[in-house]
Amino acid sequence: MAKSNKPLVWGLFAAGGTLTAFVTPVLVYVTLMAAYGDPPAALDYENIQAFAANWLGKLALFVVISLSLWFAAHRLRTALHGLGLRADTAIAVAGYGISAVGTVLAAYYLVQI
Amino acid sequence: MSDLQLELEILRYDPEQDQEPRFQTYSVPCQEEWVVLDAINYVKDHIDSTLSYRWSCHMAVCGSCGMMIDGEPKLACKAFVRDYVNKTVRIEPLANFPIERDLVSVLDDFMNKLRRVKPYLIRKEEKPLSEGEYRQTPAELNKYKQYTLCINCLCCYAACPQYALIPEFIGPAALTMAHRYNQDSRDQGRAQREEETASHEGVWDCAFADACSLVCPKHVDPASALQQMKITSTVDWYLEHLGMGGKKS
Amino acid sequence: MSRRPYVRRISTTTWYLKKKRDLVHMIQELTSLFVGIYGILLLWGVKALSEGPEAYGAFLEALTGPLSLAFHWVAFPLVLYHAISWFNVTHKAMPIQRGEEFLPGKYIVGAHYVVWIGFSLVVLFVAGVF
Ligand code: FES
């Protein structure tokens with residue numbers, strides 16, 4: 001029996017699941033405030049721009065965006081199989097494809113800041 | 001001297017007569033301290049001798065009395081009747097396995113999978129007898145001891161949603177047994193086992209629903225073993241693909 | 001005696017509705033949808049940020065829309081649930097053996113909670129929420 005290549009995406013999934021568990025709830029809370037038209041000071045253009053201009057800030061944003069996508073793509077693949085969808089290859093290609101494109105776009109936008 | 005009455009709704013299936021399973025209800029006078037297996041034995045001895053089921057030890061050791069009790073996979077010898085008073089209790093053979101007859105399941109699938117993961121010590125080279133035994137510290141023993149407690153009752157397979165959906169999945173107990181040997185300081189067979197355990201049908205079909213661990217009557221925690229195997233397999237995969245050999249055992 | 005094993009079929013589309021445990025697991029898996037959508041929302045914000053103050057202002061404005069508000073209210077409890085259900089099983093994937101004994105799982109899970117709460121408070125503080 002051939003060994004699976006799932007470790008490639010599973011590694012990203014596991015890292016993403018852990019990272020998003022730590023950061024996503026508080027981030028959603030922050031943008032929830034923005035959704036009420038009351039964004040905290042950090043979301044002011046100057047502040048967030050300064051954050052993203054710093055290479056550490058860029059790295060943080062890049063990792064959070066990319067791993068969120070990989071994590072979701074991999075877990076939804078399992079969930080959709082559980083819901084009865086059997087087009088696993090198509091789902092995998094679509095999900096991982098979106099994640100890959102999102103990763104490239106995140107890097108592209110971030111270097112321009 | 002019966003303390004409580006139990007209504008058992010037992011699945012019956014006679015391959016020679018029945019097109020499909022049916023339920024038969026038995027009213028059993030139970031004693032307070034009985035387990036469900038006692039109630040089933042009462043049916044067999046006093047009401048209906050045609051009932052087929054497996055059991056042996058009556059003490060949660062042999063693993064042969066796993067069955068669905070009120071929808072949950074349990075050992076009939078470990079489930080107390082007092083937890084089921086005043087309701088009709090459904091007794092069915094283990095979910096996710098074919099039914100041989102009545103409460104007897106067909107377990108061939110598991111037996112074949114268990115064989116595939118090589119659940120025994122593998123040495124690259126046996127050391128000569130003159131060099132003495134393989135010694136192990138208590139810490140090295142503890143590393144895998146929990147996984148040796150598995151009695152192959154297969155409650156974990158009956159609870160596993162992934163096994164229900166993907167019959168090819170090697171499944172909790174067999175993979176856990178592979179992990180038990182991988183974790184053994186005397187063993188050198190992980191790379192060999194990964195041919196099966198790190199295949200699609202191995203740990204990668206596990207979705208970490210944790211159902212296996214929740215129902216395990218021996219607290220083996222198969223889900224834990226499988227997640228650890230995923231991490232190890234992932235590290236091994238990356239090492240292998242980065243050309244670092246990675247075939248560490 | 002002839003063998004004729006009977007195979008019980010399950011529904012491949014509704015099986016998780018039959019058992020609470022399975023339904024809970026399915027919901028846990030589906031929380032990832034909101035983590036993923038939020039990743040795309042962040043990507044959108046970064047794009048706006050890279051295009052300058054006007055674009056970024058429009059992004060903040062768009063966040064106040066009803067769709068965004070609804071998304072945030074649904075996503076917030078679900079990503080919290082993702083975090084909690086993820087941390088609660090960390091000790092299973094990464095048991096720690098100290099000497100002979102394994103560290104009780106509650107310490108590993110607890111450490112994750114401490115770091116999580118501490119980190120979240122730091123973010124809120126730095127963000128100027130309080
Ligand atoms: S009869 Fe042996 S485990 Fe129940």
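Every chain is numbered from 1 and lettered A, B, ... according to where its sequence line falls, protein lines coming before strand lines.
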Where does A/Leu43 contact chain C at under 4.5 Å (heavy atoms): side chain, backbone, both or neither?
both

Please determine, among C/Tyr16, C/Trp73, C/Phe130, the option with the most heavy-atom pairs under 4.5 Å with chain A.
C/Trp73

Heavy-atom contact with chain C under 4.5 Å, split by part of A/Ser66:
neither

Verdict with reasoning, C/Tyr56 to A/Ile48, per side chain to side chain contact (heavy atoms under 4.5 Å, CB included):
CA-CA 10 Å; C/Tyr56 184 72; A/Ile48 192 82; 3.6 Å; yes

Heavy-atom pair with the smallest gap, counting every atom of C/Leu80 and A/Pro25:
CD2-CB, 3.8 Å

Bottom line for C/Ile40: the part with an atom under 4.5 Å from chain A's heavy atoms is both

For chain A, which of C/Leu124, C/Leu43, C/Thr13, C/Leu63 has the most heavy-atom pairs under 4.5 Å?
C/Leu43

Relative to chain C, which segment of A/Leu85 carries a heavy atom at a distance below 4.5 Å: side chain, backbone, both, or neither?
neither

Just so I understand: if I count every heavy-atom pair under 4.5 Å between each of C/Glu61, C/Gln28, C/Glu51 and chain A, which residue has the most?
C/Gln28

Anything under 30° is parallel, anything over 60° is perpendicular, the rest tilted; go ahead and classify A/Phe22 against C/Phe87.
tilted

Under 4.5 Å from any heavy atom of chain A - which part of C/Trp86
side chain

Would you say the side chain of A/Thr20 lies within less than 4.5 Å of the side chain of C/Val79, judging by non-hydrogen atoms?
no

Shorter than 4.5 Å, heavy atoms on both sides: which option in C/Gly39, C/Gly128, C/Ser11 has the most such pairs with chain A?
C/Gly39

Do the non-hydrogen side-chain atoms of C/Glu29 and A/Leu76 ever get within less than 4.5 Å of each other?
no

Does A/Arg75 reach the side chain of C/Leu30, with side-chain heavy atoms less than 4.5 Å apart?
no

CH2 on A/Trp70 to OG on C/Ser32, rounded to 0.5 Å
14.5 Å

Side-chain contact, heavy-atom cut-off 4.5 Å: C/Lys47 with A/Leu105?
no

Within a strict 4.5 Å, meaning less than it, do heavy atoms of the A/Tyr108 and C/Ser50 side chains meet?
no

Where does the angle between the aromatic ring planes of C/His82 and A/Phe71 fall among parallel (under 30°), tilted (30 to 60°) and perpendicular (over 60°)?
tilted

Within the 4.5 Å heavy-atom criterion, are A/Tyr45 and C/Leu49 side-chain neighbours or not?
yes

Mind listing the closest non-hydrogen atom pair of C/Met26 and A/Ala79 along with its distance?
CE-O, 4.0 Å

Per-residue tally against chain C (heavy atom, under 4.5 Å) across A/Leu27, A/Leu69, A/Leu67 peaks at A/Leu27

Within a radius of less than 6.0 Å around CZ of A/Arg86, do more than 12 heavy atoms belonging to other residues, nucleotides or ligands occur?
yes

Given A/Val28, A/Thr24, A/Asp44, the one with more heavy-atom pairs under 4.5 angstrom with chain C than any other is A/Val28

Does CG belonging to C/Leu67 count more than 12 external heavy atoms closer than 6.0 Å?
no

Under the 3.5 angstrom rule, does the side chain of C/Trp15 hit a backbone N or O of A/Gly82 as a donor-acceptor pair?
yes

Nearest heavy-atom neighbours spanning C/Ala83 and A/Ala21
CB-O, 3.3 Å

Between the side chains of A/Thr31 and C/Tyr38, is a donor N or O closer than 3.5 angstrom to an acceptor N or O?
yes

Between C/Val123 and A/Tyr29, is any pair of side-chain heavy atoms under 4.5 Å apart?
no

With a 4.5 Å heavy-atom cut-off, do C/Phe119 and A/Val23 have their side chains touching?
yes

